[in-house]
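What you see is a predicted model; the values in this text were computed from it and never measured.
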Amino acid sequence: MSKKLCAVCGKNKVNWLSTTIDEKTKDKICDDCLSKIGLKTTNFSNETIVQYDGVERIKTMISNNERYDYKTRLSDIKKLKQKISEEKVNLTKRQSDLENEQIKFLKETEDAKLESEVLELKRKSQDAKNKVDALKQLLQESEEIDLNQEKSDIISSYSSDKNSNENDAFEEIRKYKQLLDEGIISEQEFNLKKNHLLKL
């Protein structure tokens, strides 16, 4: 049985002691490639760093002669995960509030006597349902989309291509503006997100 090769360089052999770079595929990175990105084989949390950034990012770093500052990178990842967790909690709360609003409108619909009241309450209920559906979709996509966006914010500190990051920020602002227009987020929430994206 032949040994597996490093997922980054594709040349050096790796074994079960080597650092895992992809938890799903169980691909590993060789000690030589770890050294090239500034990580020591004795570091306790190398897997946290390399699994977070992935094979392609590591390849780019090596080709650009970039190196990690071990402690700084771990701190950045911890802060990012905390921020994403807090944002998901806020989104979940917003979803719960909207679902309660939907239940309220449904109850009012049942109690309504006049046809005009019933029609208006049904419209409000459908609006609330649409908001809930949009928020559920946002929550479903947030883990991948927000993670990739937030990762690009940290990765931008290792890259010289600032124009691309600015375009990403403007695109994100447009998305959050649409959520503001639909009443899914408040103006204060929109301004906080906009200032964060523009680094104000």
Applying side-chain hydrogen bond (donor to acceptor under 3.5 Å, both in side chains), run through Glu189 and Ser186 and close with a yes or a no. CA-CA 5 Å; Glu189 290 170 323; Ser186 68; 3.3 Å; yes
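- A continuous path of Ile, Leu, Val, Met, Phe, Trp and Tyr side chains, each step under 4.5 Å between heavy atoms, connects Val55 with Ile77, placing both in one hydrophobic cluster.
- Note that CD of Glu182 and CG of Asp127 are 10.5 Å apart. Values are rounded to the nearest 0.5 Å.
- In this model, no donor atom of one side chain and acceptor atom of the other lie less than 3.5 Å apart for Ser96 and Glu99.
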As a quick check of understanding, evaluate side chain to side chain contact (heavy atoms under 4.5 Å, CB included) for Lys193 and Glu87, giving each step before the final call. CA-CA 11 Å; Lys193 191 66 180 177; Glu87 288 182 355; 3.3 Å; yes
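- Hydrophobic clustering (ILVMFWY, side-chain heavy atoms < 4.5 Å, transitive): Tyr176 and Leu192 are in distinct clusters.
- Checking Lys78, Lys71, Lys79 one by one against Ser75, the side-chain contact (heavy atoms from CB on, under 4.5 Å) holds for a single residue, Lys79.
- Ion pairing between Glu66 and Arg57 holds under the 4.0 Å rule for side-chain N and carboxylate O.
- Between atom CD of residue Glu171 and atom CG of residue Leu197 there is a gap of 11.0 Å, rounded to the nearest 0.5 Å.
- Here the side chains of Leu5 and Lys13 are in contact, with some heavy-atom distance below 4.5 Å.
- Between atom CG of residue Leu34 and atom CD1 of residue Ile29 there is a gap of 4.5 Å, rounded to the nearest 0.5 Å.
- Taking both residues in full, the closest heavy atoms of Thr20 and Gln51 are given as O-NE2, 3.0 Å, listed atom of the first, atom of the second, then distance.
- Remark: side-chain polar atoms of Asn43 are not paired, donor with acceptor, to backbone N or O of Ser45 under 3.5 angstrom.
- In summary, Lys26 and Asp22 do not engage in a salt bridge, as defined by a charged side-chain N under 4.0 Å from a carboxylate O.
- Rounding to the nearest 0.5 Å places CG of Asp27 at 4.5 Å from NZ of Lys4.
- Using a cut-off of 4.0 Å between Lys/Arg side-chain N and Asp/Glu carboxylate O, Arg123 and Glu120 are scored as salt-bridged.
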Show, in sequence, the C-alpha distance, side-chain angles and deciding distance for Tyr68 and Asp53, and conclude whether the side-chain hydrogen bond (donor to acceptor under 3.5 Å, both in side chains) test is met. CA-CA 11 Å; Tyr68 286 121; Asp53 287 336; 2.3 Å; yes
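- Within the 4.5 Å cutoff, the side chain of Thr92 has no heavy atoms near those of the Val89 side chain.
- The shortest heavy-atom contact between Cys30 and Asn12 is SG-ND2, 3.2 Å.
- Residues Ile21 and Ile49 are members of one and the same hydrophobic cluster, defined by side-chain heavy-atom contacts under 4.5 angstrom among Ile, Leu, Val, Met, Phe, Trp and Tyr.
- The shortest side-chain heavy-atom distance between Lys175 and Gln178 does not fall under the 4.5 Å cut-off.
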Working note: Leu39 + Val50, criterion side chain to side chain contact (heavy atoms under 4.5 Å, CB included); need CA distance, chi angles, decisive distance, verdict. CA-CA 10 Å; Leu39 299 178; Val50 297; 4.0 Å; yes
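- At a threshold of 4.5 Å between non-hydrogen side-chain atoms, the residues Cys33 and Ile62 count as touching.
- Residues Asn191 and Lys194 form a side-chain contact, since some pair of their non-hydrogen atoms from C-beta on lies under 4.5 Å apart.
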Can you check salt bridge (Lys or Arg N to Asp or Glu O under 4.0 Å) on Lys83 and Glu86, steps first, answer last? CA-CA 5 Å; Lys83 183 174 183 180; Glu86 290 171 358; over 6 Å; no
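- To the nearest 0.5 Å, atoms NZ (Lys28) and SG (Cys6) are separated by 11.5 Å.
- Under a 4.0 Å N-O distance rule, the pair Asp69/Arg73 does not qualify as a salt bridge.
- The cluster map of Ile, Leu, Val, Met, Phe, Trp and Tyr, joined by side-chain heavy atoms under 4.5 Å apart, puts Ile37 and Phe44 in the same cluster.
- Side chain of Arg67 to main chain of Ser35: a donor-acceptor pair is present (N/O by atom type, distance under 3.5 Å, no hydrogens or angles).
- Under the 4.5 Å side-chain heavy-atom criterion for grouping Ile, Leu, Val, Met, Phe, Trp and Tyr, Leu135 is connected to Leu179 within one hydrophobic cluster.
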Full working for side chain to side chain contact (heavy atoms under 4.5 Å, CB included) between Lys40 and Tyr70: CA-CA 9 Å; Lys40 298 176 182 178; Tyr70 177 72; over 6 Å; no
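- With values rounded to the nearest 0.5 angstrom, Lys131 atom NZ is found 11.5 Å from Gln102 atom CD.
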